[in-house]
Q: 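Have a look at this one.
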2 protein chains.
Amino acid sequence: MATPTPALKDELDIVIPTIRNLDFLEMWRPFFQPYHLIIVQDGDPSKTIKVPQGFDYELYNRNDINRILGPKANCISFKDSACRCFGYMVSKKKYIYTIDDDCFVATNPSGQQINALEQHIKNLLCPSTPFFFNTLYEPYREGADFVRGYPFSLREGVPTAVSHGLWLNIPDYDAPTQLVKPLERNTRYVDAVMTIPKGTLFPMCGMNLAFDRDLIGPAMYFGLMGDGQPIGRYDDMWAGWCCKVICDHLGLGIKTGLPYIYHSKASNPFVNLRKEYKGIFWQEDIIPFFQSIVLPKEATTVQKCYIVLAKLVKEKLSKVDPYFDKLADAMVTWIEAWDELNPAGASLANGKK
Amino acid sequence: MATPTPALKDELDIVIPTIRNLDFLEMWRPFFQPYHLIIVQDGDPSKTIKVPQGFDYELYNRNDINRILGPKANCISFKDSACRCFGYMVSKKKYIYTIDDDCFVATNPSGQQINALEQHIKNLLCPSTPFFFNTLYEPYREGADFVRGYPFSLREGVPTAVSHGLWLNIPDYDAPTQLVKPLERNTRYVDAVMTIPKGTLFPMCGMNLAFDRDLIGPAMYFGLMGDGQPIGRYDDMWAGWCCKVICDHLGLGIKTGLPYIYHSKASNPFVNLRKEYKGIFWQEDIIPFFQSIVLPKEATTVQKCYIVLAKLVKEKLSKVDPYFDKLADAMVTWIEAWDELNPAGASLANGKK
């Protein structure tokens, strides 16, 4: 079954946490120029980000975030790329693509430039199959299908909420692995897209990520990271764990695999270690926590699920560290802010379920 | 982490259901000749199978099966490639590789012949990671690792019990899909190996399959298919579902992906439809049945798990069709026959857990 690949020009925003690299947008110009960009500046608001001519964009710095959200702005991380989730909240589009400014256009094994956005759109428009594993990977892809033994009743699939793309060159490793394998590069192009099965958690990376705001937006909260927080580099992970349990509960799918981007430079492993080390301990409790979550039947919208999740985080993870108490509060604030900025979206999401 | 690839010459048997195709062994000679072959003839015992010079093999026909198993021989399918599981039972080796005689040596995208057996051995000797998804696929492969956010406590992995290889050219489709897409060929070489997550069922194909007899052998029963049975082409599926729930319960892993073989010819879709059509209905009940299974703590060996499974099949699936009542009995007979032929193995398996 071939899938259409409309440009979705009027239905997709590209959210970029900040742009330090001037080549970044030039390199992506042929692919990104048709789209609206939302740039969320993660550092000093007095510094100006230069956006090359020809791009349609809006830019938010910390002053804007404070002005728009008022006291609720405290749920948005400061001096950390986790602030990008503010962009998800202010967007009015159905789809979001988010990418880091050190991610360039990759080439496939035939030497052709990969249109990452086009593949993400394909992934999002195509159903997911979380209830049973298909050994030939994405069954809806051209030249593939469901294999013998795949139950026919499950072949319709479910809506896809998230498309998680991968990275050539510098792999997304934690600080310890970076330190141990400083020279490792990902050169393996795996020509596959697949649904992450129901009940299985995965490490969602925010470097090259697309999602359907209407379906899962309110769960794409990147937490409290960076300045004033005891942890960093777990923003996308946190969002991924929350999204996965909510998608599993609501019958939505998450895909991973294609498209690749070219991740140009490794972040400093020493800095990363400092940001990560608490997370490395904490995740040993966080993962079993998320694995054990059973959301109640009454949680029929993403918002309702997320509020339940916040409550459970407070109940079960506060004993790991007081940070989780603060995070649980911020999760609630995030939903309040989301619903304030998306009143139609909120009622749409409520009405849909 | 690089994995060793010993030949395992004295630890692996190749089990082939029957050999109709004389080119088959010639083509595989460079790869298979060092190994011992067990050929289980699925049809008329008076016909002689020609095995080319230079291969070390033993051949069993129906008369041999009847002689060796006596009344218990009724658990082995007749006139169906499902009879191959008799070969798993009589082998005395730790590892089994089973392959169909219409599967030839495939080539990778660089044009090199793929040593399927070597890749299966790599897969089996390398741990599995069923508790959390790694987005860069097999974390133990050269050039790959666990990505950021993968819990460190889960990086040791668990022993791998099954290695499920794939097929280029003719994909393993059911009859309805064959009929709808007669010209579809699998040309996509996906350069990946991955663990099928815990709690997720998959359609296990017996065309290109390796496993660790010590770890999972007694669950590799290919059921009652073919002559005198209302169903065919669900032999490997049945074994796959049983193996998966038992592996999940015992903390063992199942890998899928590489290696590819070249599947040369599609079986007749009309014949297949006749064999399959009951299975197509039944699996709509069988899958929820397997998804709901919780094995008891006391089931600490494969044999014990399998006996519990047989009991559950009788209890829950007999109402779908009386066939399952017969199958449940055959499952028990199979375990009795296995333990009779593998007294040391049986006690080893018991002692190990």
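Keep in mind that this is a model prediction, so the values were computed, not measured. Below, read A as the first sequence line, B as the second, and so on, with proteins coming before strands; counting in each chain starts at 1.
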Q: Among A:T256, A:T177, A:N186, A:L136, who wins on heavy-atom pairs under 4.5 Å with chain B?
A: A:L136
Q: Heavy-atom distance under 4.5 Å between the side chains of A:F152 and B:I280, does that happen here?
A: yes
Q: Show your working on side chain to side chain contact (heavy atoms under 4.5 Å, CB included) between B:R148 and A:N272 and close with a plain yes or no.
A: CA-CA 11 Å; B:R148 179 171 57 93; A:N272 290 346; over 6 Å; no
Q: If we define contacts as heavy-atom pairs under 4.5 Å, which of A:M204, A:R233, A:H164, A:Q178 has the most with chain B?
A: A:R233
Q: Under 4.5 Å from any heavy atom of chain A, what part of B:P176 do you find: side chain, backbone, both or neither?
A: side chain
Q: Does atom OH of A:Y323 have more than 12 heavy-atom neighbours from other groups under 6.0 Å away?
A: yes
Q: Under 4.5 Å between any side-chain heavy atoms of B:V190 and A:V190, yes or no?
A: yes
Q: Is it true that a side-chain atom of A:K181 and a backbone atom of B:A144 form a donor plus acceptor pair closer than 3.5 Å?
A: yes
Q: What is the minimum heavy-atom distance between B:Y173 and A:D145, and which atoms define it?
A: OH-N, 3.2 Å
Q: Looking at B:R188 and A:E142, would you say the former's side chain and the latter's main chain have a donor-acceptor pair under 3.5 Å?
A: yes
Q: Is A:F133 close to B:M194 at the side-chain level, that is, under 4.5 Å between some pair of heavy atoms?
A: yes
Q: Once you round to the nearest 0.5 Å, how far does CD of A:Q291 lie from CZ of B:F132?
A: 7.5 Å
Q: Would you mind telling me which of A:F131, A:Y150, A:Y234, A:W167 has the largest number of heavy-atom pairs within less than 4.5 Å of chain B?
A: A:W167
Q: Between B:T200 and chain A, which part of the residue has a heavy atom less than 4.5 Å away: side chain, backbone, both or neither?
A: side chain
Q: Using a cut-off of under 4.5 Å on heavy-atom pairs, state which of A:P109, A:P171, A:P151, A:P130 scores highest against chain B.
A: A:P151
Q: Yes or no on side chain to side chain contact (heavy atoms under 4.5 Å, CB included) for A:F202 and B:T135, after CA distance, side-chain angles and deciding distance?
A: CA-CA 7 Å; A:F202 79 114; B:T135 51; 3.9 Å; yes
Q: Looking at B:Y137 and A:A192, what are the two nearest heavy atoms and their distance?
A: OH-O, 4.0 Å
Q: With a 4.5 angstrom heavy-atom cut-off, could you sort out which part of B:L201 is near chain A: side chain, backbone, both or neither?
A: both
